[in-house]
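Single-structure report; data block below.
All values below were derived from every heavy atom in this structure, side-chain atoms included, with hydrogens, water molecules and symmetry-related copies excluded.
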Amino acid sequence: DTRLTRFRTSDMQPADAVTDRDSQEGELQEEVQQEQEETEYQTEVQEEVDYVDSDFSEGTSGSNSAMVKFGESLELLHLTSPQCVVLATSLEMLVSSLGGDRESVGDAIYGALTSSLLCIKESFTSPRAMMSLRLFNGFRLLATKSSDAEDLKIYVETLAFRHMGNDVTSPRVEAVAEAFLEILEQNVAELPPGYAAAWRQLLAYAGSSFRFVNDNYGERLKIIEGDWEVIQTAAENDTDESVVHSFGGMCAFSSAVMGQETQGWMEELLEVFHVLVDRISSPSILQEECDLLSISMIAKSEEIDFNKFKPVMLAALRSLLPQRWSTIHETAWEWLWFTISRNLAEATAKVKAFKAYNKRLFDTLGEEQVEHFRVTIFTDFFSKCAQSQEWFKQSQTRLHYIADRVLRSSFDMFHKPKQEMMDDLSGLGLR
């Protein structure tokens, strides 16, 4: 019987052949399983995208057209008064449930977000404590500004630039919203009605705005970068002294033509304007530059009207870029100045407020408090960074002197001229 012969022959195959066949079958099963898992994953992702997109379209009213399609526009979000109250109340209840500690709330948000989305954890480069505080302030300000559509839009746009380069998608925004709602539900026993819908709508608006800014404002950055490169190149190759090619020089000329004097704060601004242009794509660094600039601006002028610089700047740019200039370029540079002036307005307001408190603090510091600062600053520093001890081999007296100078510099920066302050810090560093 042929079939019986084949059966017996297969039964008598060597053990190695059987093993090879089993191995091949196992590999084939693994490949099939991997393909099935990949197909299931793709299906889940698509279902999540479809769910979020349908959620946007179903939950959108005519007044909130910015949310019709994710990332297509940046418009005003008009929330109702009950929604704004619910947002503020639910966040206050969360803070109270965690002992009134904002850092604990921020840390809870950090943990929830990084657990839900691995990509978010990878994008966090700052220490956890710092990121936790930023996250808390971000959610707090979203809730606080939700009652004013204009103010909310400005704040969301500011946040969007801090997320430039990140891939903000509707499923990820939905995941962020769900993670935050889970924190609320786990820590607050009785949340106000409508809290979930209000937070979803607010966070969806923020995420959609982030995507819009990332997709559209990148073109503005390219225009500004190209224009500025042309201006800098022309200034470097300037051989005709009768023609003004520098941006600062043209601004001074435009200001004189308009019949207004170049004030001290404007001189300080022009001195570092190239730095602000270079930093426009990095909001956090731009904010630091504006914070530093505001101190020297206030030292030169107590009253500052930032609206005076815009026409001067645009007139100078039109003169320096006659062949490139268009309405697109004007819009890009208007946006740049709006962003910078907004940061400077906030920073100068803080400097005015801090200056008086700073003086009061140093007037009340006693020798005992200063001595405590001298002793603890290096103890804490060395405990957090042990390697730093290799660089501080001076005597105890010398270390105390350095601590005194560092402490004093936080007073001098508000009250001494900038150049004198820079010389003092440079001298300290060289020693």
Side-chain angles (χ1 to χ4, degrees), residues 224-225 227-238 240-280 282-283 285-321 330 332-356 358 409-427:
I224 292 169
E225 182 181 354
D227 288 349
W228 194 248
E229 185 177 353
V230 171
I231 292 172
Q232 296 293 84
T233 302
E236 291 172 1
N237 299 329
D238 183 16
D240 187 355
E241 296 182 0
S242 63
V243 180
V244 178
H245 289 288
S246 69
F247 177 75
M250 188 57 73
C251 281
F253 176 77
S254 300
S255 184
V257 170
M258 294 177 185
Q260 65 182 37
E261 182 183 354
T262 304
Q263 298 174 328
W265 67 267
M266 199 177 293
E267 293 174 351
E268 292 290 333
L269 173 63
L270 289 172
E271 187 178 331
V272 297
F273 192 77
H274 65 285
V275 177
L276 302 180
V277 173
D278 291 339
R279 300 289 188 268
I280 190 63
S282 303
I285 301 177
L286 177 66
Q287 184 63 61
E288 291 178 3
E289 296 292 346
C290 289
D291 289 342
L292 293 173
L293 176 59
S294 64
I295 297 174
S296 55
M297 291 173 77
I298 289 294
K300 290 290 184 71
S301 308
E302 281 293 331
E303 298 299 326
I304 300 175
D305 183 2
F306 291 111
N307 292 325
K308 289 184 176 181
F309 183 72
K310 179 181 172 181
V312 172
M313 177 194 73
L314 292 176
L317 290 168
R318 290 190 201 102
S319 300
L320 294 170
L321 302 165
E330 184 151 342
W333 283 95
E334 283 180 342
W335 164 79
L336 174 135
W337 177 241
F338 174 76
T339 304
I340 292 174
S341 62
R342 185 175 62 204
N343 287 340
L344 286 174
E346 293 178 1
T348 50
K350 290 177 182 178
V351 170
K352 288 180 180 179
F354 293 166
K355 197 171 182 179
N358 179 268
S409 67
S410 63
F411 173 83
D412 292 341
M413 70 170 60
F414 287 102
H415 303 279
K416 276 188 175 183
K418 180 177 68 175
Q419 192 57 52
E420 184 180 349
M421 181 67 193
M422 291 173 61
D423 292 341
D424 289 347
L425 289 175
S426 297

More than 12 heavy atoms from other groups under 6.0 Å of [atom1] on [X]:
X      : atom1 : answer
Met258 : CE    : yes
Lys310 : NZ    : no
Phe253 : CZ    : no
Glu420 : CD    : yes

For [X] and [Y], work out which heavy atoms get closest and say how close.
X      : Y      : answer
Cys251 : Val312 : O-CG1, 3.3 Å
Lys418 : Ser296 : CD-CB, 4.0 Å
Ala252 : Thr262 : CA-OG1, 4.2 Å
Ser246 : Gly249 : OG-N, 3.1 Å
Met413 : Met421 : N-SD, 3.8 Å
Cys290 : Ile340 : SG-O, 4.2 Å

Can you tell me how far the [atom1] atom of [X] sits from the [atom2] atom of [Y], to the nearest 0.5 Å?
X      : Y      : atom1 : atom2 : answer
Gln232 : His274 : CD    : NE2   : 7.5 Å
Leu269 : Ser301 : CG    : OG    : 11.0 Å
Leu344 : Leu286 : CG    : CG    : 8.0 Å
Ser255 : Gln263 : OG    : CD    : 8.5 Å
Ser294 : Lys352 : OG    : NZ    : 10.5 Å
Leu320 : Ser254 : CG    : OG    : 8.0 Å

Test item: [X] and [Y] side chains (from C-beta on) under 4.5 Å apart, heavy atoms:
X      : Y      : value
Ile231 : Leu317 : yes
Met297 : Ile304 : yes
Leu292 : Val272 : no

Could you walk me through whether Trp265 and Thr348 satisfy the side-chain contact (heavy atoms from CB on, under 4.5 Å) test, starting with their C-alpha distance in whole Å, then the side-chain angles of each, then the deciding distance to 0.1 Å, before giving a yes or no? CA-CA 11 Å; Trp265 67 267; Thr348 50; over 6 Å; no

Students often mix this up, so state it plainly: with edges at 30° and 60°, are the rings of Phe309 and Phe247 parallel, tilted or perpendicular? perpendicular

Using 30° and 60° as the class limits, which term best fits the ring planes of Trp228 and Trp333: parallel, tilted or perpendicular? tilted

Working note: Trp337 + Leu314, criterion side-chain contact (heavy atoms from CB on, under 4.5 Å); need CA distance, chi angles, decisive distance, verdict. CA-CA 10 Å; Trp337 177 241; Leu314 292 176; over 6 Å; no

Residues that [X] engages under salt bridge (charged side-chain N to carboxylate O under 4.0 Å, His left out), provided they are two or more places apart:
X      : result
Glu267 : none
Glu225 : none
Asp412 : Arg408, Lys416

Carboxylate-amine/guanidinium contact Glu330 Arg318, below 4.0 Å: yes

List the steps, then state whether side-chain contact (heavy atoms from CB on, under 4.5 Å) holds for Lys355 with His415. CA-CA 8 Å; Lys355 197 171 182 179; His415 303 279; 3.9 Å; yes

Apply side-chain contact (heavy atoms from CB on, under 4.5 Å) to the pair Leu321 and Val230, showing each step before the final yes or no. CA-CA 8 Å; Leu321 302 165; Val230 171; 3.7 Å; yes

